[in-house]
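Below you'll find the structure, written out as structure tokens, and then a few comments.
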Amino acid sequence: MTNTQALPTTALGPDGTRVGVQGYGAMGISEFYGDSDLAESRATLERALELGVTLFDTADVYGAGHNEEFLRDFVRANRENIVLATKFGIVRKAEDPAYRGTDNSPEYIRSAVDASLRRLGIDVIDLYYMHRKQPGVPVEDTAGVLGELVAAGKVKQIGLSEVTGAELRAAHAVHPIAAVQSEWSLFSRDVENTVVPAAADLGITFVPYSPLGRGFLTGAAPIGELPEGDIRRTMPRFTGDNADRNAALLAPLRAIAEARGLTPAQVALAWVHARSAVHGLPVVPIPGTRSRTRVAENIAAATVELTADELATLEPIAGQVAGNRYADMNFTAVGRE
Ligand SMILES: NC(=O)c1ccc[n+]([C@@H]2O[C@H](COP(=O)([O-])OP(=O)(O)OC[C@H]3O[C@@H](n4cnc5c(N)ncnc54)[C@H](OP(=O)(O)O)[C@@H]3O)[C@@H](O)[C@H]2O)c1
């Protein structure tokens, strides 16, 4: 199925910004999912924009700055039509690629925003997220520092990633939060416990990351075929027995796809879009791909409506998924709820 309908738009935050109901996640261009063809990746960004995507998502940590630098020319060439989101707060060590830490200190945030602006070659970031909460740093303090960046004109709106409902409410009381970005897909529904209801209550847009379950929901390459260094080789649900058990859960997705003339990826994305009506909030998933064909396929899914029966068939999947989202769940909001 190709794109036959214009991509609808929805609200992103209280300042009147509108975005296409599906965004684009650029992370995989720089690392985690194997080598990228950068010319095709750039063409994929252009295709996404042509087809109505306006929210483009990156982070300072993706490729240790490479992802922001890669987006620079594209963003500058299309500045008026792009809502650029980036993130701070995950820190790495050059000498230890596997290391992940967090830093939400005011000094760190102030230097991180300047570094992102410099790499992106722009004057203002449209949406600036706290990527991860640092243990022991109140989210209200972080919202306060982010509010100062808005006042200074470096950032238009602010967002949070991997927070609980209580944290979202606390931060929002200090400075309006435009968007919360956390993992949400047919395979990952823990956000529905507290943060989705809080976002719906407060009128905050939800930006589901990894809406294709990091590619698993597309039915593409099994784990054994993934290249060395692919991050999914370290993730519990894609490894060992879990990978086979989880692959078996895709049967209803494949059946709906076949009956409707869609791909499994499109059914998985249509399910995420259907969350908007179910939970009563704007939902803007940001699937990532480095292929023009796939980006068109994914965007076409934004206007696919699944029937109540189809949604009911897909309902039990998440409850049966084997394995955690990450090897280290301390790095997520799960456990703080
Ligand atoms: N806030 C956070 O902590 C956080 C964490 C993870 C991700 N994110 C954001 O969310 C974005 C999306 O998440 P993600 O990239 O992890 O996962 P995803 O969008 O669920 O899946 C991406 C994977 O699916 C493949 N794919 C995409 N469309 C496909 C299609 N139609 N058919 C077959 N395969 C397809 C991609 O491969 P190809 O590229 O080869 O097509 C890639 O391997 C990221 O880019 C990033 O911006 C945020």
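Start at 1 and go down the list; that is how both ligands and their atoms are numbered.
Applying the 4.0 Å criterion to heavy atoms of Ser210 picks out, from ligand 1, the atoms 6 (C), 7 (C), 10 (O), 12 (C), 13 (O), 14 (P), 16 (O), 17 (O), 18 (P), 20 (O). Taking a cut-off of under 4.0 Å to the non-hydrogen atoms of Arg214, the atoms of ligand 1 that pass are 6 (C), 16 (O), 17 (O), 18 (P), 20 (O), 21 (O), 23 (C). Ligand 1 places these atoms under 4.0 Å from at least one heavy atom of Pro211: 19 (O), 20 (O). Atoms of ligand 1 lying under 4.0 Å from any heavy atom of Gly25, numbered from 1 in the order shown and given with element: 11 (C), 44 (C), 45 (O), 47 (O). Within ligand 1, counting atoms from 1 as listed, the ones closer than 4.0 Å to a heavy atom of Arg232 are 43 (O). Contact atoms of ligand 1 toward Asp57: 9 (C), 46 (C), 47 (O) (distance under 4.0 Å to a heavy atom of the residue).
In summary, the side chains of Arg290 and Tyr33 do not present any donor paired with an acceptor at a separation below 3.5 Å, with no hydrogens or angles considered. A side-chain N or O of Glu183 and one of Ser188 form a donor-acceptor pair less than 3.5 Å apart. When only modelled atom types and interatomic distance are considered, Thr307 and Asp309 share no side-chain donor-acceptor pair under 3.5 Å. Side-chain N/O atoms of Glu310 and Trp271 include no donor and acceptor closer than 3.5 Å. For the residue pair Glu68 / Thr86, a side-chain donor-acceptor distance below 3.5 Å is found, with atom types taken as modelled. A donor-acceptor pair shorter than 3.5 Å can be found between the side chains of Glu162 and Tyr209. In this structure, a donor-acceptor pair under 3.5 Å is present between the side chains of Glu337 and Thr194.
Salt-bridge check for Lys133 with Glu140: failed, with every basic side-chain N at 4.0 Å or more from each acidic carboxylate O.
Considering only non-hydrogen protein atoms, atom 20 (O) of ligand 1 sits nearest to Leu212 N, 2.7 Å. Of the protein's non-hydrogen atoms, Arg290 NH2, 3.0 Å is the one closest to atom 40 (O) of ligand 1. Nearest to atom 41 (O) of ligand 1 among the protein's heavy atoms is Thr289 OG1, 2.6 Å. Closest protein heavy atom to atom 12 (C) of ligand 1: Ile286 O, 3.0 Å. Nearest protein heavy-atom neighbour of atom 16 (O) of ligand 1: Tyr33 OH, 2.5 Å. Of all protein heavy atoms, the one lying nearest to atom 3 (O) of ligand 1 is Arg132 NH1, 2.8 Å.
Below 3.5 Å of separation, one finds an N or O of Gly215 facing an N or O of ligand 1. Not one N or O of Tyr326 is nearer than 3.5 Å to an N or O of ligand 1, by distance alone. Considering backbone and side-chain N/O of Ser291, none are found under 3.5 Å from N/O of ligand 1. In terms of N/O distances under 3.5 Å, ligand 1 is approached by Gly213. In terms of polar-atom proximity, Thr58 is not counted as a contact of ligand 1, lacking any N or O under 3.5 Å from an N or O of the ligand.
For the residues Gly288, Gly28, Gly23, Ala59, the heavy atom positioned nearest atom 36 (C) of ligand 1 is part of Gly288. Residue Gln181 holds the heavy atom nearest to atom 48 (C) of ligand 1 of all those in Arg294, Gln181, Met27, Gln266. Among Tyr62, Phe56, Tyr209, the residue whose heavy atom lies closest to atom 46 (C) of ligand 1 is Tyr62.
Under 4.0 angstrom from ligand 1, the non-hydrogen atoms of Asn298 all belong to its side chain. Only side-chain heavy atoms of Ala265 come within less than 4.0 Å of ligand 1; its backbone N, CA, C and O stay farther off.
Between Tyr62 and Phe32, the ring-plane angle classifies as perpendicular under the 30° and 60° cut-offs. Taking the six-membered ring where tryptophan is involved, the planes of Phe187 and Phe216 are tilted, since the angle between them lies from 30° to 60°.
Between Glu305 and His273, the closest side-chain pair of non-hydrogen atoms is not below 4.5 Å.
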Inset, instruction - Could you check Glu297 against Arg294 for salt bridge (charged side-chain N to carboxylate O under 4.0 Å, His left out), going step by step and ending with a plain yes or no? - result: CA-CA 5 Å; Glu297 177 188 325; Arg294 286 178 173 179; 5.7 Å; no
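Nearest heavy atom pair, residue Gly20 against residue Val284, reads O-CG1, 3.5 Å.
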